[in-house]
Every structure is written in C-alpha cells, then in structure tokens.
Amino acid sequence: MLSAVQPSNRLTIGNYIGAVMNWAKMQADYDCLFFAVDLHVITDTRGSKELRRQTYQAIATYIACGLDPDLCTLFVQSHVKQHAELAWILTCHATMGEVSRMTQFKDKSQKHGESIPMGLFAYPVLMAADILLYQTDYVPVGIDQKQHVELTRDLAVRMNNAYTPKPEAPLFKIPEPMIPPLGAKIMSLQDPLKKMSKSDPDLLATLFLDDSDKDIEKKLKRAVTDSGSEILDADDKPGVRNLLTLQSVLTNRPIAEIVAGYAGKQYGHLKVDTAGICMDAIRPIREKTERLMGDLSYLDTILQKGAEKASERAAVTLARVADKMGFIPRS
Ligand code: TRP
C-alpha cells in the first residue's frame, strides 16, 4: 500500500480522520510506503527554502500522527532518483489527449494563463511513476485523485502489453485505488455543506493539525450551526452533525450515545465539548511535530533509512523496465 502527501499542503483534521489515522492502523498489516512529494510541489510553485521546511514538517507530522518508520517505509520522493526517471519513461508513453482530460490539471492550470508549466501537465505521470515503481497493490487516496490512479492503471497496462506480453511476468502490477469508505466526512466549520478543505479562504472553516488550542477554541466557538436549538443528528442540521461526527470519530463513541448525553443542553455546550475533544486530539500531534522539528538530524536519519529501503525496491523495477526497453545496462 502506498500513499503520499504534497508537503506544501498543511494537513487538516479531515486528512487525519479520513486518511492518516487509518494508515497508522494499517501499517502493521500491510507493507506500507509513505512519502512527501517534493517533486510534485515544484509543478506549481518554484523551489524555495520554505519547501525544505515544509518537507520536514510533512514527515514530522506523519510520524506524529502515528506512522512508525520501523513499521513502514517513510521517505522523501526526490531522494529516490527512480521517481524522476520512470516519470520520463512514462511521459514518452502517455498521450497529450489522455493527460489533457485530467480535471485537476484543468483546474490548476487556470491561474497560469498562457504560461502553464510543462511539469504541471506531467504531474499525473509523475504520480503514476510513484505508484508503479513499487509494484503497489493499493493506493489510498481521496476521490479527487481517483482519475490519476486510473491513468496510472492505463499506463501500466500499456507498458505491460508493449514490453512484457503474456506469458511473461508483467512489468507492473495494476494498482487499485482505495477510496476511504464514506461515513466520517468532515465538513467546513463555516459552511457544513462543503467538505473541509486546506485551501478554504475562510480561515475559520478548517482545523489544521498545527493549530494552537486557542485557534481551535475560536474556530469551534464560531462554528456555523443553525437557527434551531436541539442537538440532533439530522439531515437538516449539517453543522450540528459535523460537530457530532468530529466527537464520534475522535472519541470512538457512537453518535447516538453522544446525542443522548445532550438532552436539554444547548449548542454552546456542544461547541465547547467539541473544541475540548479536538484540542485533545490535535495537541499531542502538534507537540510531537514541534519536538521532531527541533531535531532535524533525527529526521535526517529516518529519511536516509527510508530512502535506502525505497531505492532498493525502485531499482529492481527500473532495471527491468530499462532492460525491456533496450537501454544498455551501465556496467
Ligand atoms: N497527487 C496526490 C495528492 O495531491 C499526491 C500524490 C503524489 C500521491 N504521488 C502520489 C498520492 C502517489 C498517492 C500515490 O494528494
């Protein structure tokens, strides 16, 4: 199982609940690879000192959320050179037509006007390389990334047909997207009909994993509910439902039980309690991330080990690709 985070994205409590929290549980049962995709960041923004800090921060946050470098392979994409190499090879097999259909490209290219970076167009092909290098079975991603995993599958099939026709063992495993089962979808605190998003311009809408207790308190105090007063889990009370959902997933209690405890109480109580629960969930993550960020040499050791483990596997795939494509092996 393999997934990745773009280090320029601050992680939200929605990312934690919808993804990272589950990965932490799965790492004992699956062979897991997680990495920070710094090469993807530069498809949209220039490289910078800030990128270095963000990349450390992404790795530190992963660890603080429970990803254990002894149980999984944790690394930085640019440390494993095969990502860029396989991306180039796949670029030569992908077509302008199929890549043009990617909806994320259509969205992200808008702001670049006439000067769209080629890397932004190639973004999904680099992602395909990320996945195919490791003979990945499962790719847990949000629904917004499903189209990219489908492109990855198409490219894998095309390469397999071209270079390893049956009965040869295929060059690449065909990966499956693993879309998290619906249930615990966390909505914006300001517009509970919209998903909580890291890029919401309304700063009160989103809880981040590095928010202070004060931030959390303020955001929940101002969370949008409705003009009623009863605390119920109902379709016409999406704001109340969102707070109940947060409580339920973070404390592992059924919503009905939480609702029962609020008989006769007001929205104010619900908000204060939810703030406390979110603080208790975020605080240890924030504090551990800060501690790790204070010891970059420790993070460097982890990243070095991760890169070694990942490179070893990536090299096996790439050597076979190069061989099948007719490149002379370097002696
Ligand atoms: N594109 C993904 C996102 O924005 C990040 C990503 C890059 C990724 N490479 C990947 C996710 C490989 C899963 C597997 O979320």
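Here the structure is a predicted model, which means the values were calculated and not measured. For ligands, and for the atoms within them, numbers begin at 1 and follow the listed sequence.
In the vicinity of Leu2, heavy-atom distances shorter than 4.0 Å reach the ligand 1 atoms 12 (C), 14 (C). Close contacts of ligand 1 with Val139, meaning ligand atoms under 4.0 Å from a residue heavy atom, involve 13 (C), 14 (C). Distances below 4.0 Å separate heavy atoms of Val37 from the following atoms of ligand 1: 7 (C), 9 (N).
No donor-acceptor pair closer than 3.5 Å links the side chain of Asp226 to the backbone N or O of Lys237.
Using a 4.0 Å cut-off between heavy atoms, Asn9 makes no contact with ligand 1 at all. Proximity of Val141 to ligand 1, defined as any heavy-atom pair under 4.0 Å, is confined to the side chain (atoms from C-beta onward).
Across all non-hydrogen atoms, the minimal contact from Arg286 to Asp211 is NH1-O, 2.5 Å.
Backbone and side-chain nitrogen or oxygen atoms of Gln104 are examined, and none is located within less than 3.5 angstrom of a nitrogen or oxygen of ligand 1. Some N or O of Asp130 is nearer than 3.5 Å to an N or O of ligand 1, by distance alone. Between Gln145 and ligand 1, at least one N/O pair is under 3.5 Å apart.
The nearest protein atom to atom 8 (C) of ligand 1, hydrogens excluded, is given as Ala4 CB, 3.6 Å; this is a heavy-atom distance. Of the protein's heavy atoms, Tyr123 OH, 3.1 Å lies nearest to atom 4 (O) of ligand 1.
Ring geometry for His83 against Tyr134 counts as tilted: the plane angle lies between 30° and 60°, on a 0 to 90° scale.
Under a 4.5 Å side-chain heavy-atom cut-off, the cluster of Ile, Leu, Val, Met, Phe, Trp and Tyr residues that includes Val272 has no other member.
There is a path of hydrophobic side-chain contacts, each under 4.5 Å, that joins Met21 to Ile277.
Under 3.5 Å, the side chains of Asp44 and Tyr123 contain no donor-acceptor pair of N or O atoms. With no hydrogens or angles considered, no side-chain donor-acceptor pair links Ser8 and Gln54 at under 3.5 Å.
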